[in-house]
Amino acid sequence: MLQNIRDNSSGIIAKIIVGLIAVTFVITGVNFMSGSDGDTVIAEVDGVEITERRFVSKLEQERRQLLSILGDPGAINEDLLRQSVLNALVEEAAATSYSEKLAFGVTDQLVDQVIVEIPQFQTEGRFDPRAFDRAIGQMGMSRLDFRDELKRNLIEYQVKGAVETSTLVTPSELARLDVLQNQKRSGELVVVKADQFLDQVTVADEEITSFYDANSSQFVTDESVALEYVLLSSDDFREQVTISSDDLRDAYDAEVAQAANESERRARHILIADSDDALEKAMDLKQKIDNGADFAELASEYSDDIASKETGGDLGFAPSGTFVPEFEAALNALTPNTVSDPVKTQYGYHLIELLESRAKPVESFDTRAPRLLEELVDREASQLLANNLEEFSNIAFSGTLNELNSVYGVKIQSTDLFGRSTATGLFSQEAVLRRVFNETLYSGELNAEVFEAEPGLWMTFRVNAYEPKAVRPLAEVRDTIIDRLRNDKAQSNAKALADAIQTHWKAGEKDLPTTAAGIVTQSFNQLDRNGDDSIARDILSVAFAAPAPTQDRSSTFVAEIAADTVVVARVDALSLEKGTTNESNLEAALAQLRTTQEGSEFWSIVTSAAEMVKR
């Protein structure tokens, strides 16, 4: 129905229908928010349900975002991703429950206003329904999914805002932080690289075997399958469709005849949202209009319809049946340039003015014909698909893929072995993966039940090969283990040498121990945290991780800054002085840090206190 309205509406009405979801309810009179009765609840947090549909939707969104960053589906740890999504939904539900206890809420009008003001949904500074559709489509969300998600986020931000506004930063804290941030240190650094020890280490066979036995879980392969499959869509039937010139002309004539019986009306309205004094306000506005006030100016100033108020309440041209019954009945009773009395709908009171009526515009045959031909072919091909699905499914159930190829001409395609974490394309979708990794099909004796892999695209497959989870043989991973053990031993030797240097310096010595022959030190003098070009910042950071030196004793610190690098720092002197850091920037940074810490602690308490029940 929403699609039908979008197709048949024009002007500002499209902005209302597509952009302002709450106003969509007013215009269409349909409760699009009602969910599926069969939506399975997988968990409940303090009475707030987490449904399977919500979990799958969130999982697909997160997977898309990861793929856009990583590019390689194999780089995604599916188990970790699923647990992360579930944890996020639990925290979200806990926040929702907590916000309800605090009586926090968000009005539909606020949600609508946020939507129309999001820059990604605008074209030339105005809300654009097509931009809205494209943007949320790329996120894998429907309009209502996005609106629900936005509303949840706004409520959660309210609670977070209450925590954030309680954060305080005192002047004395800023002064201390400024001094610490701008401190300067002097001393020496030693960088010990592990690769210098690789030639000195050996790995015995028993070490390899012992590591393999103790870490066998690291060498487990994913459960994997290789498939043969076929796809069926309306495209497979397009060649069977013949549309004659007479058919095309008849279809066009039918559209013309239908348009002759239809009219479009252009109206504008002022919406006063439902409240105790809404009717009184509407009556007052009606009186002003009757006394000669400009309707458009009043709409711009008083209307609660955020989208149309910018254009004086203009809803554009729309066919009969577009609006809710009360609105439609009032509009039917109007003649051009007359204004209704206040009309009550579930969202408030409307003052409606009929501006003009016109016959539904019809394109010329030459303009309409190319698109109409495609629509007729698509319609017929889709009908042929629908007519053949039952037989296609029957053959898949009792026959072979070769039979499907023979009857429908569908190409038999195949995959290499893939697991849940390495699946790509259609097979990476959660709904498809659930069907693929089904133990009843692993034998390869049965075809999968025909299912819709994507809208309009139907699939069946047969398992060509199946490999269960298994620990890879030692022979396959031996070289990997040897490299791992050699690197670990080399790093241990590097760490041991770094520890020896630290011990030597702690004893009050300024040179290097004899065991560090050949090692070069790097001196630094009066350097702040940013350092200079002579020392890399990650190396210098070790010096600033060391405790402050005393007047008669240097401080030291050892850190592994990489898998093959250990740094030893000795700090001989430290100077504390007020720096040139922008105070407002420093205050903002400290406030943000404290807000993050306190917010994390707060939500940890809220989440841990929530009672979760898994279904």
Side-chain angles (χ1 to χ4, degrees), residues 5-6 8-30 107-113 115-117 125-127 129 261-361:
I5 293 172
R6 188 180 66 177
N8 293 321
S9 61
S10 60
I12 196 65
I13 190 71
K15 290 182 172 62
I16 298 173
I17 293 172
V18 184
L20 299 178
I21 305 300
V23 181
T24 298
F25 301 156
V26 177
I27 292 173
T28 63
V30 177
T107 66
D108 288 339
Q109 283 183 308
L110 176 60
V111 178
D112 298 336
Q113 185 171 351
I115 289 175
V116 298
E117 292 178 354
R126 294 178 63 83
F127 178 77
N261 295 323
E262 295 179 357
S263 63
E264 292 184 331
R265 296 162 301 176
R266 178 170 165 242
R268 58 186 177 186
H269 80 143
I270 299 172
L271 171 65
I272 304 301
D274 211 358
S275 64
D276 292 341
D277 60 349
L279 177 57
E280 182 180 346
K281 288 181 180 179
M283 292 292 290
D284 182 56
L285 290 173
K286 177 61 163 61
Q287 185 63 50
K288 289 181 179 181
I289 294 170
D290 290 343
N291 291 338
D294 185 88
F295 189 104
E297 291 180 1
L298 294 177
S300 298
E301 183 174 356
Y302 296 104
S303 181
D304 290 321
D305 180 350
I306 298 169
S308 71
K309 69 182 298 179
E310 297 178 2
T311 56
D314 197 332
L315 299 174
F317 281 100
S320 298
T322 297
F323 305 105
V324 291
E326 302 92 336
F327 196 108
E328 192 77 28
L331 188 57
N332 288 338
L334 295 176
T335 57
N337 301 315
T338 59
V339 179
S340 71
D341 289 327
V343 177
K344 181 70 170 72
T345 72
Q346 66 201 89
Y347 291 95
Y349 288 89
H350 306 255
L351 295 176
I352 307 164
E353 181 180 7
L354 176 63
L355 297 175
E356 57 181 308
S357 297
R358 71 180 183 187
K360 184 178 179 181

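These figures come from a predicted structure and were not determined experimentally.
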(request) Look only at the side chain of Asp305 and the backbone of Leu271, and say whether a donor-acceptor pair between them is shorter than 3.5 Å. (result)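 A pair under 3.5 Å: no.
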(message) Whether the side chain of Ser300 engages the backbone of Lys309 through a donor-acceptor N/O pair (distance < 3.5 Å, no angle test) should be reported.
(response)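 Such a contact is found between Ser300 side chain and Lys309 backbone.
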(message) As an exercise, state the distance from CD1 of Ile270 to OH of Tyr349, rounded to the nearest 0.5 Å.
(response)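 Ile270 CD1 to Tyr349 OH: 16.0 Å, rounded to 0.5 Å.
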(message) I need the Leu351 CG to Leu298 CG distance, nearest 0.5 Å.
(response)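 Output value for this atom pair is 9.0 Å.
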(request) Output all residues satisfying side-chain contact (heavy atoms from CB on, under 4.5 Å) with Ala329, sequence neighbours left out; order by chain, then residue number. (result)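 Partners of Ala329 under the side-chain contact (heavy atoms from CB on, under 4.5 Å) test: none.
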(message) Show me the pairs that pass side chain to side chain donor-acceptor pair (under 3.5 Å) and involve residues 285-298, at least two apart or across chains.
(response)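 Of all non-adjacent pairs touching residues 285-298, those that pass side chain to side chain donor-acceptor pair (under 3.5 Å) are Lys286-Asp290, Gln287-Asn291.
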Are any non-hydrogen side-chain atoms of [X] and [Y] less than 4.5 angstrom apart?
X      : Y      : value
Val111 : Ile115 : yes
Lys344 : Leu279 : no
Glu264 : Ser357 : no

(request) Under the salt bridge (charged side-chain N to carboxylate O under 4.0 Å, His left out) rule, collect the residues that match up with Glu356, sequence neighbours excluded. (result)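 Partners of Glu356 by the salt bridge (charged side-chain N to carboxylate O under 4.0 Å, His left out) criterion, ordered by chain and then number, come out as Arg266.
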(request) Step by step, work out the side chain to side chain donor-acceptor pair (under 3.5 Å) result for His350 and Thr345. (result) CA-CA 8 Å; His350 306 255; Thr345 72; 3.0 Å; yes
Donor-acceptor contacts under 3.5 Å from residues 332-339 side chains, at least two apart:
residue : atom : partner : partner atom : Å
Asn332  : OD1  : Arg265  : NH1          : 2.5
Asn332  : ND2  : Glu328  : O            : 3.3
Thr338  : OG1  : Thr335  : N            : 3.1
Thr338  : OG1  : Thr335  : O            : 2.5

(request) Name all residues meeting the side chain to side chain donor-acceptor pair (under 3.5 Å) criterion together with Asp276; count only those two or more places apart in sequence or in a different chain, and write none if there are none. (result)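 Asp276 satisfies side chain to side chain donor-acceptor pair (under 3.5 Å) with no residue once adjacent residues are dropped.
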(request) Would you mind listing every salt bridge (charged side-chain N to carboxylate O under 4.0 Å, His left out) that reaches into residues 316-326, with sequence neighbours excluded? (result)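 For residues 316-326: none.
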(request) Please step through side chain to side chain donor-acceptor pair (under 3.5 Å) for the pair Ser275 and Asp277, ending with a clear verdict. (result) CA-CA 6 Å; Ser275 64; Asp277 60 349; 3.0 Å; yes
(request) Can you establish whether the number of heavy atoms outside Lys281 located under 6.0 Å from its atom NZ is more than 12? (result)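 No, because the 6.0 Å sphere around NZ of Lys281 holds 12 heavy atoms or fewer from other groups.
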